[in-house]
Amino acid sequence: MTLALTAQAFAPSGAVTYQPGDRDRRPWGTWEVLATGPGYTVKRITVTPGQRLSLQYHNHRAEHWTIVSGSADVEIDGQVLHLAQGEHVHIPLKATHRIRNAGQDDMVFIEVQYGALLDENDIVRVTDDYGRCVVA
């Protein structure tokens, strides 16, 4: 697999390209940026019932997820954990990971990203239920 590099791949250490209020709708739900600062971004992510994010990793950031509503199955480097409201997990730099809504209602989690480059382009999808993996 070959990855295309953008100018943002060479951004200075701690670069954050997100802005509070940024948001997007995805096939699995939504995300919204709540806060940013030097080397960190905080997002609220909502996953609809039965949906899951792509199996992915990041080259420039680690993440910390806290479930605030519902329950989730979290996969990190092949290990699956079941998390309920109030539970949290650390996603190390370059670890393959995904999250699935394990309940009947929307599942909401808070994602804290921290690292050298915080940008939506730092997602390397390994597998994806929605056909978004790009192999060059």
Side-chain angles (χ1 to χ4, degrees):
M1 177 188 320
T2 303
L3 301 175
L5 295 178
T6 66
Q8 290 174 336
F10 302 102
S13 180
V16 177
T17 63
Y18 293 108
Q19 297 294 319
D22 287 351
R23 63 185 70 207
D24 198 11
R25 179 169 300 283
R26 298 292 170 96
W28 44 259
T30 62
W31 61 260
E32 178 182 2
V33 175
L34 302 177
T36 63
Y40 76 89
T41 294
V42 179
K43 284 183 175 180
R44 177 180 40 237
I45 300 175
T46 302
V47 183
T48 56
Q51 302 301 306
R52 65 182 180 174
L53 282 64
S54 59
L55 181 63
Q56 60 187 257
Y57 64 91
H58 309 290
N59 288 308
H60 303 283
R61 71 177 185 241
E63 297 174 344
H64 193 89
W65 294 348
T66 302
I67 308 302
V68 295
S69 178
S71 62
D73 292 325
V74 176
E75 179 182 340
I76 304 170
D77 285 336
Q79 179 183 3
V80 177
L81 307 168
H82 183 77
L83 299 181
Q85 184 179 30
E87 295 182 311
H88 55 93
V89 66
H90 173 71
I91 313 294
L93 178 73
K94 297 188 180 184
T96 58
H97 61 281
R98 70 167 41 168
I99 190 167
R100 182 182 74 83
N101 182 339
Q104 300 298 314
D105 298 312
D106 285 353
M107 182 269 296
V108 180
F109 68 102
I110 301 300
E111 175 181 271
V112 179
Q113 303 176 359
Y114 51 97
L117 176 65
L118 304 177
D119 181 277
E120 210 48 27
N121 292 318
D122 183 25
I123 298 174
V124 181
R125 289 186 176 93
V126 178
T127 62
D128 182 66
D129 295 344
Y130 314 102
R132 298 176 298 163
C133 289
V134 177
V135 178

Partner set under side chain to side chain donor-acceptor pair (under 3.5 Å) for T30, not counting sequence neighbours: none
Checking the side chain of H60 only, and the main-chain atoms of A116 only, is there a donor and an acceptor separated by less than 3.5 Å? no
For H82, which residues count as a side chain to side chain contact (heavy atoms under 4.5 Å, CB included) partner, sequence neighbours excluded? S71, D73, A102
All side chain to side chain donor-acceptor pair (under 3.5 Å) counterparts of Q85, not counting sequence neighbours: none
Closest heavy-atom contact between A35 and P20? CA-CG, 4.3 Å
Who passes salt bridge (Lys or Arg N to Asp or Glu O under 4.0 Å) against D128, sequence neighbours left out? R132
Mind checking what makes side chain to side chain contact (heavy atoms under 4.5 Å, CB included) contact with P49, not counting sequence neighbours? N101, D106
Not counting sequence neighbours, which residues clear side chain to side chain contact (heavy atoms under 4.5 Å, CB included) with R52? List them please. R98, R100, D129
Restricting to side chain to side chain donor-acceptor pair (under 3.5 Å), what partner residues turn up for E111, sequence neighbours left out? W65, Q113
Would you find a donor on one side and an acceptor on the other, under 3.5 Å apart, between the side chain of H64 and the backbone of I91? no
Would you please name every residue forming a salt bridge (Lys or Arg N to Asp or Glu O under 4.0 Å) with E63, sequence neighbours left out? R61
Provide the full list of salt bridge (Lys or Arg N to Asp or Glu O under 4.0 Å) pairs with a residue in residues 19-31, sequence neighbours left out, each pair given once. R23-E32, D24-R26, R26-E120
Applying side chain to side chain contact (heavy atoms under 4.5 Å, CB included), can you list everything that pairs with L93, at least two apart in sequence or on another chain? none
Enumerate the salt bridge (Lys or Arg N to Asp or Glu O under 4.0 Å) contacts for residues 79-89, please, sequence neighbours excluded, ordered by first and then second residue. none
List the atom of S54, the atom of T127, and the distance in Å for their closest heavy-atom pair. CB-O, 3.3 Å
Mind checking what makes side chain to side chain donor-acceptor pair (under 3.5 Å) contact with D77, not counting sequence neighbours? T96
